[in-house]
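Accompanying notes for the structure given below.
Quick note: residue numbers are just sequence positions, from 1.
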Amino acid sequence: MLAQRADEVSRFTRGDLTRFAAAALALIAVLTAILSSDILRPALRLEAGDLATVDVRAPRALTYISTIQTEAAREEARRSVPNVYTYSTERGLTVATEQLAAFSRRVASIDAAFEDALLPEDRLAILETAVDDLSEAGRTTLLELTPDRWSAVRGEAARVLDLTERVELRDSDVAIVRQEIEGRMAGDLSEAERSLAAELIRPLIVPNSTLSEEQTAIAREAAAAAVEPVERSWAANQIIVREGAIVDELAFEAIEQFGLNEGRVDLATVAGWALLAVLVVGALLTWVRRFRPEYWHRSNVLLLVALLLVVATFALKLTADRAFLPYILPTAAISMLIAILLDAGAAVLLTALLALVAGAVNGSVELAAYTFTGGLAGIVAVRKGDRLGMFVQAAAAVFLANVLVVTTFTLLGTQDRDLLGIGQLWGASFVAAGGAGVAAVGSFAVLGSVFGILTVFQMLELASSSQPVLRRLLVEAPGTYHHSVMVASLAERAAEAIGADTLLTRVAAFYHDLGKLANPGAFIENQAGGDNPHDQLDPETSAQILKAHVADGIDLAYRAGLPKAVIAFIPQHHGTAVMSYFYARAREQAAEPYGGLATPEGRKAADAVDIRKFRHAGPKPQTREAALIMLADGVEASVRSLSARDEPAIRAMVSRIMDERLSDGQFDECDLTFRDLDRIREAFVGQLLGMYHQRVAYPQSKVVELESRRAASGGGEGA
C-alpha cells in the first residue's frame with residue numbers, strides 16, 4: 001500500500017474527544033428518552049379481592065422472594081413434622097419394671113391362695129375375695145384353676161405386661177392396647193385363661209410416652225426454618241392478572257413488588273435503557289472513528305445516521321409488544337438508505353444496532369434476527385441503487401429473508417403459532433419488505449439533497465451534457481471540454497479496473513478543470529493554434545495563472561451549485577504537483593546570465609529557484625478516485641502531445657507520468673496499492689490505444705465516394 005491508512009496516521013485529539021463526547025451525550029439522551037417513554041406508570045390502586053379492569057403486565061423482568069409462597073411452603077413443612085413424644089428406652093424399662101411390681105402386688109393374694117400348705121376350702125375362701133375388680137367369668141375361671149394352671153396364667157400375664165410396657169406406648173393408644181391385650185396372650189392357655197390374664201393386667205397398662213407440646217413446636221419451627229425462600233420470576237410484559245379476573249394474594253404481592261400501585265418512575269428500567277443507549281451510541285461512534293474517519297469530520301453524515309437511528313428507535317418503541325406491528329415496520333429501508341448514501345459497511349453496523357434495539361424493546365430474539373437478516377438482505381440486493389429494478393430486487397430479498405426467519409423460529413418452537421399465525425406473519429413480512437423498498441426509493445434522493453450527500457441520481461444528472469456549466473465549457477472552452485471528456489473516459493475505465501466508484505470518477509472528471517472558464521485562452525487546448533500568452537510572460541506569472549484555475553474552479557462550482565463531493569476533486573486533481581514546464585523555464589532563465597545550466601554557477605542559480613512557487617496548493621488526492629483523475633489528466637495531455645501514438649510510445653508515456661506522481665509522493669494520502677497502479681496502467685494503455693487507433697488509408701476514389709454519400713444523406717461516416 002502506497003499510503004498509510006488515515007486511521008493509522010490520525011490521532012485522537014482533544015477536539016475529537018470533545019466532538020465525540022458532545023455527539024455521544026446528545027444521542028444517548030435522545031435514545032434514552034425514547035426508550036424510557038413508558039416508565040412513568042399511572043397508579044393502579046388495586047387491592048387483593050378487587051376486579052382488574054385492564055390486563056396488568058410486568059413492566060420489566062423481575063425476580064423476588066415471594067412472602068406468600070415462602071410462608072405456604074414453611075407451613076407445609078410444619079404440618080409434615082409428626083408430634084414429638086417423651087418415650088425413651090430407659091423410660092420404657094422403668095415403667096415396665098414398675099408395672100410388673102404392681103402386678104405382683106395385685107396378684108399377691110392369689111399367689112398365697114395357691115400355696116401347697118393351704119386346704120382347698122381355705123384357697124376358695126381367699127380366691128373369693130382376691131382381686132376385687134374381676135368379672136364373674138374371670139372369678140369363675142380363677143376358682144377353677146389349679147396351682148399349675150395359675151402359674152401358667154400368671155407367667156403369661158407378666159410376660160405380656162412386660163413386653164407391652166417396654167415398647168413405646170403413647171397415652172393416646174392406651175385404650176386401644178387394653179382392648180386388644182387379650183389377643184397378645186400366647187402359650188397353651190385356654191380362652192378363659194387368656195381372658196383372665198388380660199383382666200389381671202389390663203388396669204396395669206399405662207402410657208410410657210406422652211405428647212411434648214414444647215418439643216413438637218421446636219421441631220416444627222426447625223423444619224420451617226430449613227425451607228429455602230421461594231423465588232418468583234416474571235418476564236417483561238408477562239400478564240400478572242388478566243382483565244376481568246379477581247386480584248388474588250399472589251397477584252397483589254406482584255403488583256406491590258413492581259410498585260404498580262404507586263405510579264412511580266422505574267429508575268432501574270431507566271438505567272437499563274440508558275446503558276443500552278450507551279452501548280449502541282458507543283459502538284456506532286467508535287466504529288465510525290476507527291473505520292470511517294472520512295465520515296468523522298462530516299457533520300452531515302453523522303447527523304443523517306443519528307436521525308435514522310432515532311427515527312427507527314422511535315418506531316420500534318411505538319410498536320413494541322404488539323402482536324404483528326413490529327413485523328410490519330420497514331426497518332430494512334434504513335439499511336438500504338445507508339448502503340446507498342454511504343456504504344455497505346456502515347449499513348451493516350447500523351442494521352446490527354437496530355436489531356439489538358428491536359430485540360431489547362420487544363424482549364424477542366426472533367425480532368432481533370428478523371430485523372438484522374431483513375436489513376442485511378436489503379443491503380446486499382440494493383447495491384448502489386442506481387436503477388429502480390434494484391429496489392424491487394431488494395424488497396424481494398427482504399421479504400424472503402423475513403419469511404425464512406419467522407418460519408425458522410416457528411419450527412424451532414420459540415413461538416406457539418398455528419398456520420393462521422404463520423400466514424399473518426408472512427403477510428406482515430410482505431408489507432415490511434414492500435414498505436422498505438418504497439421508502440428507500442422515495443427518500444434517498446431527498447435525504448441526499450438535504451444532507452449534502454451525493455446520490456447516484458444526482459451524479460447521473462450531473463453527467464448530462466445539458467448541464468448549464470458543461471454547456472458553457474463546451475462553448476467557451478471547447479478544448480478543455482474535450483480534454484475533460486477524454487479524462488473522464490480514461491479515469492472511468494481505470495476506476496472499473498481497480499473497483500473504485502466509476503460514476504463518481506466520471507462525473508468529477510467532467511468538472512475537474514471548470515476553473516479554466518475564467519481564462520480559457522491561457523490554456524493551450526483552447527488556443528486553436530493561435531498565440532500563446534505564456535510566451536510573453538515570465539514562468540512565475542504563468543505558474544500563478546495556472547494555479548488560479550483551481551481556485552476559480554472551486555468558486556465557479558459553488559456558484560453552479562455542484563455538490564461538495566464533486567468540488568473536492570478540483571483542488572485534488574493537481575495535488576501538490578510541480579508545474580514542471582514552467583519550473584524548468586524558470587531554472588533556465590535563472591542560469592542564462594551565468595552561461596546556462598552547463599556551468600556550476602548556472603546550476604547554482606537554477607537551484608536557487610523556489611520550487612514551492614511552482615507547486616499547486618493541493619491537497620494531495622484523498623481518495624482513489626481523485627488519484628485516478630490526477631493520473632488521467634496528466635496522461636491525456638501528455639499522450640496528446642506525442643507525435644507517434646503506437647503502443648510502445650503510449651505505454652512509455654503512461655509509465656513516466658505515473659512514476660513521476662509516485663516519486664513526488666502524490667499518493668501518500670489515498671489508498672492506492674502497487675497492484676492498483678499496474679491495473680491503472682493497463683487500463684490507460686488499452687483505452688488510449690482505442691482512442692488513438694490508426695485509421696485505414698482509403699484510396700482517393702473511396703474517399704470521394706464516401707464524401708458523395710455524406711453530402712447526399714446529410715450524415716457522415718467515420719473510420
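Between Glu180 and Ile176 there is a side-chain heavy-atom pair separated by less than 4.5 Å. Counting heavy atoms from C-beta outward, Val84 and Leu211 have side chains that stay 4.5 Å or more apart. Counting heavy atoms from C-beta outward, Val403 and Phe430 have side chains that stay 4.5 Å or more apart. A 4.5 Å side-chain heavy-atom check between Glu199 and Ser135 finds at least one atom pair inside the cut-off. Within the 4.5 Å cutoff, no side-chain heavy atoms of Glu243 are placed close to those of Thr53. Considering only heavy atoms from C-beta on, Arg220 comes within 4.5 Å of Asn83 through its side chain. Residues Val406 and Glu366 form a side-chain contact, since some pair of their non-hydrogen atoms from C-beta on lies under 4.5 Å apart. Counting only heavy atoms from C-beta outward, the side chains of Leu31 and Leu309 approach each other to under 4.5 Å.
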Are Val174 and Val206 close enough, and set up right, to give a side chain to side chain contact (heavy atoms under 4.5 Å, CB included), and what steps lead you there? CA-CA 6 Å; Val174 169; Val206 296; 6.0 Å; no

Kindly determine whether Thr86 and Ser209 satisfy side-chain hydrogen bond (donor to acceptor under 3.5 Å, both in side chains), including the steps that lead there. CA-CA 5 Å; Thr86 58; Ser209 178; 4.7 Å; no

Begin with the C-alpha distance, continue with both residues' side-chain angles, and end with the deciding distance and a verdict on side chain to side chain contact (heavy atoms under 4.5 Å, CB included) for Asp248 and Phe252. CA-CA 6 Å; Asp248 59 19; Phe252 179 72; over 6 Å; no

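When all heavy atoms of Thr67 and Glu253 are compared, the closest pair comes out as N-OE2, 2.6 Å. Ala312 approaches Ile334 most closely through the heavy-atom pair CB-CG1, 4.2 Å. Of all heavy-atom pairs spanning Arg178 and Ile205, the tightest one is NH2-O, 2.6 Å. The shortest heavy-atom contact between Gly244 and Leu51 is O-CD1, 3.0 Å. Taking all atoms of both residues into account, the shortest heavy-atom contact from Glu165 to Val95 is OE1-CG1, 3.1 Å.
The closest donor-acceptor contact from the side chain of Glu231 to the backbone of Tyr64 lies at 3.5 Å or more, if one exists at all. Between the side chain of Asn208 and the main chain of Arg91, no donor-acceptor pair closer than 3.5 Å is present. Not a single donor-acceptor pair under 3.5 Å links the side chain of Asp671 to the backbone N or O of Thr623. Between the side chain of Ser66 and the main chain of Val230, no donor-acceptor pair closer than 3.5 Å is present. A donor-acceptor contact shorter than 3.5 Å links the side chain of Ser80 to the backbone of Ala77. Checked by atom type and distance alone, the side chain of Gln257 never pairs as donor or acceptor with a backbone atom of Ala254 at under 3.5 Å. For Asp162 (side chain) and Ala96 (main-chain N/O), no donor-acceptor pair under 3.5 Å exists by modelled atom type. No donor-acceptor distance shorter than 3.5 angstrom exists from the side chain of Tyr87 to the backbone of Arg170, with no hydrogens or angles considered. Judged purely by atom type and a 3.5 angstrom limit, Lys317 uses its side chain to pair as donor or acceptor with the backbone of Leu35. Side-chain atoms of Thr373 come within 3.5 Å of backbone atoms of Ala369 as a donor-acceptor pair (strictly under, hydrogens ignored).
Between the side chains of Tyr295 and Asp343, at least one donor-acceptor pair of N or O atoms lies under 3.5 Å. Between the side chains of Gln458 and Thr455, at least one donor N or O lies within less than 3.5 Å of an accepting N or O.
To the nearest 0.5 Å, atoms CG (Leu169) and OH (Tyr85) are separated by 11.0 Å. Asn362 contributes atom CG, which lies 7.0 Å from atom CG of Leu316 (distance to the nearest 0.5 angstrom). Note: Leu250 CG to Ile255 CD1 = 11.0 Å, rounded to the nearest 0.5 Å. Remark: Leu425 CG to Thr410 OG1 distance equals 6.5 Å, nearest 0.5 Å. One distance of note links CG of Leu285 with CZ of Arg290; it measures 15.5 Å at 0.5 Å rounding. The structure places CG of Leu308 at 12.0 Å from OG1 of Thr331, a figure rounded to the nearest 0.5 Å.
More than 12 heavy atoms of other residues, nucleotides or ligands lie within 6.0 Å of CD in Gln238, so this atom counts as buried by the packing criterion. Residue Arg232 qualifies as enclosed at atom CZ: its count of foreign heavy atoms under 6.0 Å is above 12. Within a 6.0 Å radius of CH2 in Trp426, other residues, nucleotides and ligands contribute 12 heavy atoms or fewer.
No option in Leu447, Ile340, Leu304 other than Leu304 meets the side-chain contact (heavy atoms from CB on, under 4.5 Å) test with Ile453.
The side-chain hydrogen bond (donor to acceptor under 3.5 Å, both in side chains) search around Ser233 returns Thr63, not counting sequence neighbours.
Salt-bridge formation is not detected for the pair Arg74/Glu76: no Lys NZ or Arg NE/NH1/NH2 atom is positioned less than 4.0 Å from an Asp or Glu carboxylate oxygen. Ion pairing between a basic and an acidic side chain is recognised when a charged N comes within 4.0 Å of a carboxylate O; Arg78 and Glu71 show such pairing.
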Donor-acceptor pairs under 3.5 Å, side chain of residues 348-360 to any protein atom, not counting sequence neighbours: which ones?
residue : atom : partner : partner atom : Å
Thr351  : OG1  : Ser335  : OG           : 2.6
Thr351  : OG1  : Ala347  : O            : 2.7

